[in-house]
Amino acid sequence: MLPLELIRRDPERVRRAAELKGEPAPVDEILKLDEGWRAQLHKAETIKAEQNRLSKEFAKTRDESLKEKLRQMSDEAKIALEMADSVKHELDQLLLQVPNLFDESVPIGESEADNVVAREWGNKPEFGFTPQTHYDLGEALGIMDFERAARVTGSRFAFLLGDGARLERALVQFMLDVHTHEHGYTEVWAPMLVNSASMVGTANLPKFADMAFKVEDKDLWLIPTVEVPVTNFHRDEILEGDRLPMKYVAYAPSWRTEAGAAGKDTRGFIRMHQFSKVELVKVTTAETSMEEFEKLVADAEVILQRLGLSYHVLSMCTGDMGFAQYKKYDLEAWSPGVDRYLEVSSCSVFNDFQAMRANIRYRPAKGAPPKFAHTINGSGLALPRTIDAIMETYQRSDGLISVPEVLKPYMGGIELIGAR
RNA sequence: GGGGAGGUGGCUGAGUGGCCGAAAGCACCCGCCUGCUAAGCGGGUAGGGGGUGUAAAGCUCCCUCGGAGGUUCGAAUCCUCUCCUCCCCGCCA
């Protein structure tokens, strides 16, 4: 969330950011409630101060005549504080609904059509035949099964089998190895259910409740991304400034309801209710966050480069970047079978937006007052579409799939996927 | 799942109704001392919010001892609920 103080001081800036993001922002209501809250709080605290003073006097003098008056003041103070609290509560709820500001470098725009290609890498592969889609290849080779998944669970789930399942496992291992050994991230194995406070911390609540699966009768949610438990790992903590940036990499499944995506990407291994993801998370300072963000994006790109996949980096425009993000890049891998780019990573910097919600702070120096941290995260990478891009890029005319060089050690040395 | 013990500042830990936002120790910071280091001596160091300051500082008030309620003029301390941790028993991959 944004600091109340910022909204007081510069409401116009907040309004403008919200407008360009296409998000509603209850700035006027907030300003009004803020004024009311402060007036009521002042009133309540005045009564409370007097009550505290007289109560101390009573402790000394034991003057019984004070007692009845104190009893009354106690009630008055309680009511006044309750009134202030209820306004503050309302105010806090509204604050959670205000979208983040955005960086100067973010392109202004309304939809995905306005996103800007920041850079491209690799050449789109040429085939002497018409390339097949990953789902045709996968079903023909018996390594992907959507039909049985629909029977066992429902739509937007998949079984991977044989070399397909192994490819998924190999990719996870490969990505984790690169990020831990070469990029200096600490591997994390995280809970896959989190409580509501954590969901609020990363801004998945209250706004995006319908995107996540909720456990019945419990205050637990299936993680829509492992970013949620990993970022909340430091919730309500004050970190030592010299330990920053904290760098984590976590592998976990993500669960999403995909509400609002009806009819979109219904074919293939693209938009699943459950998908694996290797996620990068950083907690850092205001001074270094933009630089650390660019480095994180580069760390994710390394995976695509090593896999030999052609991709481009999109700088997301204001209207397409989302509620909580301060700046965001999407990495999209070229998938010749479906003949389009598939999003395999989304990398965002949040400034202190999440940290304020999750109360993650750090002490810049010994004895200095704590400041809110900056949080960053990005996929490095999401599995299904990476698998799609590999299958489609490395397919052969006979319908078998070559194993990318870097994955061979992770695939037991096999050269071809689907060979029997 | 049953029984028991606990949750206090960066950490350890004392505190059973007002003198407590909190002893003591550790850690850390500033100063003194010392040829250097260690030791020693003196001082300082929780978080959040409101008001007042152009800002910072300062001053001042309010809140916070896992969380939410309650009793009381007054709660870290008493009561209820709840979450978490530890120990014993049972069950289980």
Side-chain angles (χ1 to χ4, degrees), chain A residues 1-10 13 30-96 189-201 205 214-215 217-221 229 232-244 246 253 283 285-286 352-373:
Chain A
M1 72 186 145
L2 298 176
L4 182 52
E5 194 257 329
L6 170 72
I7 300 176
R8 273 179 207 151
R9 187 163 35 82
D10 197 355
R13 186 172 169 211
I30 286 172
L31 289 174
K32 207 172 138 198
L33 281 175
D34 177 45
E35 210 169 300
W37 167 63
R38 285 191 288 173
Q40 183 59 35
L41 184 66
H42 187 74
K43 202 193 273 179
E45 288 190 347
T46 305
I47 299 169
K48 190 71 194 170
E50 180 65 3
Q51 187 207 343
N52 286 346
R53 198 182 64 75
L54 286 180
S55 190
K56 277 197 180 111
E57 197 176 305
F58 174 80
K60 272 188 241 147
T61 64
R62 296 284 159 183
D63 178 356
E64 285 296 322
S65 68
L66 277 175
K67 206 157 179 176
E68 186 50 36
K69 184 173 184 190
L70 275 167
R71 219 188 302 264
Q72 276 173 29
M73 286 188 87
S74 175
D75 290 341
E76 275 173 49
K78 196 172 152 187
I79 290 164
L81 272 173
E82 270 167 11
M83 282 169 69
D85 283 349
S86 102
V87 179
K88 184 60 162 57
H89 181 76
E90 209 178 322
L91 181 56
D92 287 340
Q93 293 310 304
L94 290 180
L95 277 174
L96 290 176
W189 172 248
M192 288 166 216
L193 293 168
V194 294
N195 56 33
S196 295
S198 293
M199 290 286 278
V200 170
L205 285 182
K214 171 87 167 57
V215 177
D217 299 330
K218 296 247 191 281
D219 180 33
L220 291 173
W221 302 76
N232 278 282
F233 183 68
H234 290 298
R235 179 145 55 84
D236 292 323
E237 289 186 17
I238 300 174
L239 304 164
E240 293 302 331
D242 55 18
R243 287 184 62 206
L244 301 178
M246 315 288 289
V283 179
T285 64
D352 56 5
F353 191 80
Q354 287 184 326
M356 281 195 72
R357 293 170 158 249
N359 192 28
I360 302 168
R361 293 174 294 172
Y362 71 99
R363 215 177 279 286
K366 292 266 189 278
K371 293 171 74 171
F372 284 107

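Just so you know, these numbers come straight off a predicted model, no measurement behind them. Protein chains get the first letters and strands the later ones, always in sequence-line order, with residue 1 at the start of each.
- Spacing of C1' atoms, B/A46 relative to B/A23, comes out at 16 Å, to the nearest Å.
- For B/G6 and B/G10, the P atoms lie 24 Å apart once the distance is rounded to whole Å.
- B/G1 and B/C89 make up a base pair, with Watson-Crick or G-U wobble contacts both under 3.5 Å.
- Between A/Asp75 and A/Arg71 there is no salt bridge, since no side-chain N of the basic residue sits under 4.0 Å from a carboxylate O of the acidic one.
- On the P atoms, B/G74 is 15 Å away from B/C62, given to the nearest whole Å.
- Not a single ring-ring contact (aromatic ring centres under 6.0 Å, His included) links A/Tyr362 to another residue, sequence neighbours left out.
- Note on A/Arg53: nothing from the nucleic acid sits closer than 4.0 angstrom, heavy atoms only.
- B/G47 and B/G9 are spaced 13 Å apart, taking the P atom of each and rounding to whole Å.
- Look at the P atom in both B/A55 and B/G50: the space between them is 13 Å, to the nearest Å.
- Qualifying ring-ring contact (aromatic ring centres under 6.0 Å, His included) partners for A/Phe233, counting only residues two or more places apart in sequence or in other chains: A/Tyr248.
- As judged by a 4.0 angstrom heavy-atom cut-off over every strand, A/Pro369 is placed among residues making no nucleic acid contact.
- If you check every strand for non-hydrogen atoms under 4.0 Å, A/Ser74 touches sugar and phosphate atoms only.
- Across all non-hydrogen atoms, the minimal contact from A/Leu91 to A/Asp34 is CD2-CA, 3.9 Å.
- Pair assignment for B/A23 gives none, since no Watson-Crick or G-U wobble pairing has each distance under 3.5 Å.
- Mapping A/His42 and A/Leu54 onto RNA chain B by nearest heavy atom places A/His42 at the nucleotide closer to the 5' end.
- Where RNA chain B meets chain A (any atom under 4.0 Å from a heavy atom), the bounding nucleotides read 5' to 3' are B/G18 to B/G74.
- Residue-level contact check: A/Glu240 touches neither bases nor backbone, having no heavy atom under 4.0 Å from any strand.
- Partner assigned to B/U80 is B/A68, using Watson-Crick or G-U wobble distances below 3.5 angstrom.
- B/C41 and B/U52 are spaced 46 Å apart, taking the P atom of each and rounding to whole Å.
- For B/G53, the glycosidic angle deviates from 0 by 90° or less, giving a syn base.
- How far CZ of A/Arg357 is from CE of A/Met1: 7.0 Å, rounded to the nearest 0.5 Å.
- Annotation: B/G25 and B/G44 have their P atoms spaced 13 Å apart (nearest Å).
- Both A/Arg363 and A/Ala59 sit near RNA chain B, but only A/Ala59 has its closest nucleotide nearer the 5' end.
- Within the nucleic acid shown, A/Arg8 comes within 4.0 Å of sugar-phosphate atoms alone, with no base atom in reach, counting heavy atoms only.
- Using a 4.0 Å heavy-atom criterion, one finds that A/Lys78 contacts the sugar-phosphate atoms exclusively.
- In summary, A/Glu5 and A/Arg8 do not engage in a salt bridge, as defined by a charged side-chain N under 4.0 Å from a carboxylate O.
- For A/Glu35 and A/Lys32, the salt-bridge test fails: no basic side-chain N is under 4.0 Å from an acidic carboxylate O.
- When all heavy atoms are compared, the tightest approach of A/Asn232 to A/Ala358 is OD1-CB, 4.0 Å.
- Across every strand in view, B/U16 sits unpaired, with no contact that passes the Watson-Crick or G-U test at under 3.5 angstrom.
- Distance noted for atom P between B/A14 and B/C92: 39 Å (whole Å).
- Among the heavy atoms of the strands lying under 4.0 Å from A/Lys48 are primed sugar atoms or P, OP1, OP2 only; no base atom is included.
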